[in-house]
Visitor: 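Have a look at the structure that comes next, please.
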Amino acid sequence: DWVIAVGNPVGLDNTVTLGIVSSLNRSSAEVGIPEKRLNFIQTDAAINPGNSGGPLVNEFGQVVGINTAIRANAEGIGFAIPIDRAKDITQQL
């Protein structure tokens, strides 16, 4: 599926990058943060410093995730918290 990562990387307002979803259920251990118990959406849409917290949007304009992390030892691999999980977390706050 096609996705767009929206954010403000390195202070560049209103930046969007296009990519595809590579995995819908990547574990936090696979992402490199084993102390968390959370699954992520993996995408090759660029998620750069400043994009964290921005939406990951599908081709229909629906928010499917919250841009969260990248792998420091890899290029073109980004991760987002699935929107349903983000909604659950906000209810707990």
Side-chain angles (χ1 to χ4, degrees):
D1 294 337
W2 290 101
V3 289
I4 298 170
V6 181
N8 299 308
V10 294
L12 301 171
D13 292 344
N14 305 316
T15 299
V16 298
T17 58
L18 180 67
I20 60 168
V21 171
S22 304
S23 175
L24 292 173
N25 206 20
R26 188 68 65 203
S27 75
S28 58
E30 293 173 300
V31 171
I33 46 175
E35 66 278 2
K36 302 293 182 190
R37 292 181 297 170
L38 186 63
N39 289 325
F40 293 88
I41 298 168
Q42 179 182 330
T43 181
D44 67 350
I47 298 176
N48 298 302
N51 277 15
S52 295
L56 186 68
V57 181
N58 69 13
E59 62 191 283
F60 305 107
Q62 300 164 318
V63 176
V64 296
I66 304 297
N67 301 327
T68 305
I70 58 170
R71 282 293 300 256
N73 61 347
E75 290 186 33
I77 302 174
F79 303 95
I81 297 172
I83 195 62
D84 291 338
R85 183 68 176 126
K87 288 178 182 178
D88 291 343
I89 292 168
T90 60
Q91 294 302 315
Q92 296 172 20
L93 299 175

Visitor: Please evaluate residues Phe40 and Ile33 with respect to the criterion side chain to side chain contact (heavy atoms under 4.5 Å, CB included), reporting the C-alpha separation (whole Å), side-chain torsions for both, the decisive distance (0.1 Å), and the verdict.
Guide: CA-CA 11 Å; Phe40 293 88; Ile33 46 175; 3.7 Å; yes

Visitor: Working to the nearest 0.5 Å, report the span between CD1 of Ile89 and CD1 of Ile81.
Guide: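 Ile89 atom CD1 to Ile81 atom CD1 measures 5.0 Å (nearest 0.5 Å).
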
Visitor: Contact between Ile41 and Val21 at the side-chain level, heavy atoms closer than 4.5 Å - yes or no?
Guide: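 In contact.
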
Visitor: Counting distance only, does the side-chain N/O of Thr43 pair as donor-acceptor with the main-chain N or O of Ile20 below 3.5 Å?
Guide: yes

Visitor: For a 4.5 angstrom cut-off between non-hydrogen side-chain atoms, does Ser27 reach Asn39?
Guide: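 Yes; the side chains approach each other to less than 4.5 Å.
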
Visitor: Using every non-hydrogen atom in the two residues, find where Asn25 and Glu30 come nearest and quote the distance to one decimal.
Guide: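 Heavy-atom minimum between the residues: O-OE1, 4.4 Å.
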
Visitor: If you take all heavy atoms of Asn14 and Asn8, which pair is closest and at what distance?
Guide: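 Heavy-atom minimum between the residues: N-OD1, 2.8 Å.
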
Visitor: For Ala46 and Ala5, work out which heavy atoms get closest and say how close.
Guide: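 Looking at all heavy atoms of both residues, the shortest contact is O-CB, 3.8 Å.
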
Visitor: Considering non-hydrogen atoms only, spot the tightest contact between Arg37 and Arg85 and give its length.
Guide: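 Looking at all heavy atoms of both residues, the closest pair is O-NH2, 4.4 Å.
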
Visitor: Decide yes or no for Ile83 and Ile66: does some side-chain heavy atom of the first lie under 4.5 Å from some side-chain heavy atom of the second?
Guide: yes

Visitor: Closest approach of Asn67 and Val6, non-hydrogen atoms and distance?
Guide: ND2-O, 3.3 Å

Visitor: For residues Val16 and Leu18: do they belong to one hydrophobic cluster (side chain heavy atoms under 4.5 Å, members Ile, Leu, Val, Met, Phe, Trp, Tyr)?
Guide: yes

Visitor: With rounding to the nearest 0.5 angstrom, report the CD1 to CG distance, Ile47 to Leu56.
Guide: 6.0 Å

Visitor: Mind listing the closest non-hydrogen atom pair of Asn48 and Pro9 along with its distance?
Guide: CB-CB, 3.7 Å

